[in-house]
Amino acid sequence: MFTTVLRGLAAASLAVLSLTVSTPAHAAEVLPLSEAVSRLPVDIESRAGYDRDAFKHWNKGDDPSDGCHTRSEVLIAEAVEPPTVGPRCRLTGGTWWSYYDATWVTSASGLDIDHMVPLAESWDSGASAWTPERREAYANDQGAVASLVAVTARSNRSKADQDPSTWLPPAADVHCRYVAEWVGTKLRWALAADEAEMAALRETAAGCPDQSVTYEPAE
């Protein structure tokens, strides 16, 4: 009788444990680039009402206690040789690789933090309907390594707010990677693509049979 009671208590404890252990809301998906492109919703884009200030950035970053805002946290995370972090998160030294244009950079001031899918493009593609809080989360997204990328100011400003139908990185050998990260970012944030953009993505994907896309939907 006593053994039966113990077994019953153990079973009950396991049942409670199974209910209290949380599982991830979304699992990361890995897809061939061509399949990932096909999952993008196609829609007409509109920039009506766009204001860059609708996307609060940079905010206090993932760790508000470190004294660094998002830009600095990304620079620290992406450094090939880490910079020295001084008072008020002042960065000195360090080395970075700007993959857009295959360029080494040895000063944080020479880098921009690019939104893989530019703020204006995200607005056109669905972010216009978001809450201010979701736009802030998007503009400071460090939950996916491809969302924000440290690149030379020159290459970032050349890209501006263009999509892959009108701009690809100067370094031709990274086009597969770039398009995969673009598509992954759009899938992560459930953003659409217009017809011209889709045509360019399909064309690039056709030449990248071994390229995969990894993404996890944003909360």
Worksheet entry | Minimum-distance pair of heavy atoms, taken over all atoms of Val213 and Gly184 | CG1-CA, 3.6 Å

Discussion item. I'd like to check Glu29 versus Arg39 (side-chain heavy atoms, cut-off strictly below 4.5 Å). Are they in contact?
Written reply: yes

Worksheet item: Within the distance-only criterion (no hydrogens, no angle test), does the side chain of Gln162 pair as donor or acceptor with the backbone N or O of Ser158 below 3.5 angstrom?
Response: yes

Worksheet item: Within a radius of less than 6.0 Å around CD of Glu203, do more than 12 heavy atoms belonging to other residues, nucleotides or ligands occur?
Response: no

Practice prompt. Answer yes if the side chains of Glu197 and Trp182 hold a donor-acceptor pair under 3.5 Å, and no otherwise.
Written response: yes

Worksheet item: For Met116 and Ser147, what are the C-alpha separation, side-chain angles and deciding distance, and is it a side chain to side chain contact (heavy atoms under 4.5 Å, CB included)?
Response: CA-CA 5 Å; Met116 173 54 62; Ser147 294; 5.7 Å; no

Discussion item. Has Glu73 got a side-chain atom pairing as donor or acceptor with Asp63's backbone, closer than 3.5 angstrom?
Written reply: yes

Worksheet, complete the sentence: Given the options Val151, Asp114, Thr152, Asp112, Arg157 meets side chain to side chain contact (heavy atoms under 4.5 Å, CB included) only with Asp112

Worksheet item: Would Leu31 end up clustered with Tyr178 when hydrophobic side chains under 4.5 Å apart are linked, directly or stepwise?
Response: yes

Worksheet item: Would you say Leu33 and Met198 are hydrophobically clustered, going by side-chain heavy atoms of ILVMFWY under 4.5 Å?
Response: yes

Worksheet item: Asp141 and Arg188: side chain to side chain contact (heavy atoms under 4.5 Å, CB included), yes or no, with the steps?
Response: CA-CA 11 Å; Asp141 181 21; Arg188 172 170 169 76; 2.8 Å; yes

Fill in: Test log, rule ring-ring contact (aromatic ring centres under 6.0 Å, His included), inputs Phe55 and Trp130
CA-CA 10 Å; Phe55 295 81; Trp130 293 351; 7.2 Å; no

Worksheet entry | Heavy-atom pair with the smallest gap, counting every atom of Ser165 and Ala196 | CB-O, 3.6 Å

Worksheet item: Sub-3.5 Å donor-acceptor pair from the side chain of Asn140 to the main-chain atoms of Asn59, do we have one?
Response: yes

Discussion item. We want to know whether Trp104 and Thr95 form a side-chain donor-acceptor pair, criterion being a heavy-atom distance below 3.5 angstrom.
Written reply: no

Practice prompt. Report yes or no: does Lys186 contribute a side-chain atom to a donor-acceptor pair with the main-chain N or O of Ala192 at less than 3.5 Å?
Written response: yes

Worksheet item: Is the backbone of Ala200 close enough, under 3.5 Å, to the side chain of Thr204 for a donor and an acceptor to pair up by distance?
Response: yes

Discussion item. So that I can tick it off, tell me whether Glu121 and Lys159 are bridged by a salt bridge, with the cut-off set at under 4.0 angstrom between side-chain N and carboxylate O.
Written reply: no

Worksheet item: Side-chain contact, heavy-atom cut-off 4.5 Å: Val117 with Trp189?
Response: no

Item to complete: Could you walk me through whether Tyr138 and Trp123 pass ring-ring contact (aromatic ring centres under 6.0 Å, His included), step by step?
Response: CA-CA 11 Å; Tyr138 176 83; Trp123 179 274; over 10 Å; no

Discussion item. Counting only heavy atoms not in Arg90 (residues, nucleotides, ligands), do more than 12 fall under 6.0 Å from its CZ?
Written reply: no

Worksheet, complete the sentence: Closest non-hydrogen atoms of Leu119 and Ala139, given as atom of the first, atom of the second and distance, are CD2-CB, 4.1 Å

Worksheet, complete the sentence: Ala160 and Pro118 have their tightest heavy-atom pair at O-CG, 3.5 Å

Discussion item. Please tell me whether Val149 and Trp97 are part of a single hydrophobic cluster in this structure, the criterion being side-chain heavy atoms less than 4.5 Å apart.
Written reply: yes

Practice prompt. Heavy atoms only: give me the nearest Glu219-Arg134 pair and the separation to one decimal.
Written response: O-NH1, 2.8 Å

Item to complete: Treating Ile, Leu, Val, Met, Phe, Trp and Tyr as nodes and any side-chain heavy-atom pair under 4.5 angstrom as an edge, say whether Leu201 and Val42 lie in one connected cluster.
Response: yes

Item to complete: State yes or no: do Val74 and Ile76 share one hydrophobic cluster built from I, L, V, M, F, W and Y residues joined by side-chain heavy-atom distances below 4.5 Å, directly or via other members?
Response: yes

